[in-house]
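For reference, the structure is listed below as structure tokens.
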Amino acid sequence: METVYLNGQYLSKDDAFISPDDRGFLFGDSIYEVTRWYGGYFFDLPGHADRFRRSLKETRIEWDDADKFEQISLDLIHRNDLGSECAIVYFQVTRGVAPRNHAFPDPPVKPTVYGYARRHSINTLACERGVNMWLTPDPRWNRCDIKSTALLANVMPYQEAHDRGCAEVCFVREGLVTEGAHSNIFFVKNDAIHTHPESNYILSGITRSNILSAARENGISVIEEAVPADMLSYMHEAFFANTTGEIVPVLKIGDQVIGSGTPGPVTKNIQRLFRDKIEAANPIR
Ligand code: PDD
């Protein structure tokens with residue numbers, strides 16, 4: 001039986017119901033967070049908790065128990081017997097239930113808070129062998145820094161990529177690579193890592209910030225500048241990264257083969273350094 005969290009209660013998923021008047025359902029008026037459990041501990045839970053609270057603040061969704069994010073995440077793992085497994089916790093907060101009206105409910109209503117934990121392992125084949133990306137214009141709004149569940153503009157290009165046998169989208173806005181449909185993108189040129197700076201055009205990935213700190217701590221240069229899409233042929237390596245998939249080498253973007261078309265040495269080194277960081281986060285080493 002899958003146990004979920006809904007509005008202060010732990011219950012069987014079969015007994016969890018959400019109103020059709022929920023603003024998350026009607027408007028995508030809602031934010032979410034995804035964290036990863038490594039068979040005994042979360043990786044950078046404080047980083048995820050900070051971003052979760054920031055998303056609430058930026059959207060003016062008020063959840064009085066936001067400080068319970070960490071405890072509920074842990075409870076979901078244990079209540080689903082996932083303590084020694086690799087798993088993810090998904091957490092979503094909507095502005096709540098009210099008759100459809102673009103204005104926020106007045107007086108405010110309680111938010112809808114939903115969370116689940118699910119077994120999830122890494123796609124090791126993709127991490128070892130690499131994958132292709134689909135190059136496409138970034139159709140999203142200009143608040144990509146908010147982890148909103150309104151993801152139609154991510155889902156549609158992602159499906160287009162999927163239909164073409166690609167594992168992820170490479171979004172381009174005004175000639176510059178921004179990020180993927182559900183990941184941040186990195187390039188390697190002359191042994192330096194290039195990636196889009198934090199801004200309203202990308203989600204500030206927790207994996208991204210850990211990759212960049214691991215790189216800097218190990219003497220690898222990091223250049224937080226967007227890469228022009230017409231410079232892809234000059235890039236030596238590419239990879240994308242997120243909580244669910246970790247670090248995936250990229251062999252080709254659109255029609256452009258990246259570097260030698262195989263996972264490159266800097267990417268492999270970053271994968272190792274990131275693994276070390278995950279191991280180092282284990283409290284019972
Ligand atoms: N997505 N950019 C976008 C648009 C994302 O949706 C994500 C994560 C990232 C990477 O963030 P992080 O490293 O904190 O996971 C970047 C999650 C995994 C999802 O939607 O399932």
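Just follow the structure's listing: the first ligand is 1, and inside any ligand the first atom is 1. For clarity, every value in this text was computed on a predicted model and none was experimentally measured. Along the sequence shown, residues carry numbers from 1.
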Atoms of ligand 1, numbered as shown, that sit under 4.0 Å from any heavy atom of [X]:
{"X": "N242", "answer": "10 (C), 13 (O), 15 (O)"}
{"X": "R51", "answer": "11 (O), 12 (P), 14 (O)"}
{"X": "T243", "answer": "12 (P), 13 (O), 14 (O), 15 (O)"}
{"X": "T244", "answer": "18 (C)"}
{"X": "Y32", "answer": "6 (O), 19 (C), 20 (O)"}
{"X": "N184", "answer": "10 (C), 16 (C)"}

Cation-pi, F171 ring and R173 (6.0 angstrom, 45 degrees): no
Classify the angle between the aromatic ring planes of W37 and F42 as parallel (below 30°), tilted (30 to 60°) or perpendicular (above 60°). perpendicular
Aromatic plane relationship, Y38 with F43 - under 30° parallel, 30 to 60° tilted, over 60° perpendicular: perpendicular
Shortest protein contact, [atom] (heavy atom only):
{"atom": "atom 11 (O) of ligand 1", "result": "G205 CA, 3.4 Å"}
{"atom": "atom 21 (O) of ligand 1", "result": "V34 CG2, 3.9 Å"}
{"atom": "atom 6 (O) of ligand 1", "result": "H182 CA, 3.4 Å"}
{"atom": "atom 2 (N) of ligand 1", "result": "E179 OE1, 2.7 Å"}
{"atom": "atom 13 (O) of ligand 1", "result": "T207 OG1, 2.5 Å"}

Test E168 against H182 for side chain to side chain donor-acceptor pair (under 3.5 Å), laying out the working first. CA-CA 8 Å; E168 176 57 304; H182 66 338; 2.7 Å; yes
Salt-bridge test for D145 and R54: reply yes if a basic N is under 4.0 Å from a carboxylate O, no otherwise. yes
Which salt bridge (Lys or Arg N to Asp or Glu O under 4.0 Å) pairs, counting each pair once, include a residue from residues 28-40, with sequence neighbours left out? R23-D29, D29-R95, E33-R51
Under 4.5 Å side-chain linkage, directly or through intermediates, the cluster mates of F25: L26, F27
So do the side chains of N184 and T207 get within less than 4.5 Å of each other, counting heavy atoms only? no
Do I18 and L6 touch side chain to side chain, with heavy atoms closer than 4.5 Å? yes
Between S183 and ligand 1, find which residue part has any heavy-atom pair under 4.0 Å and reply side chain, backbone, both or neither. backbone
Report yes or no: does a heavy atom of G47 sit under 4.0 Å from some atom of ligand 1? no
Hey, looking at atom 8 (C) of ligand 1, which of H196, R208, K147, R36 has the closest heavy atom? K147
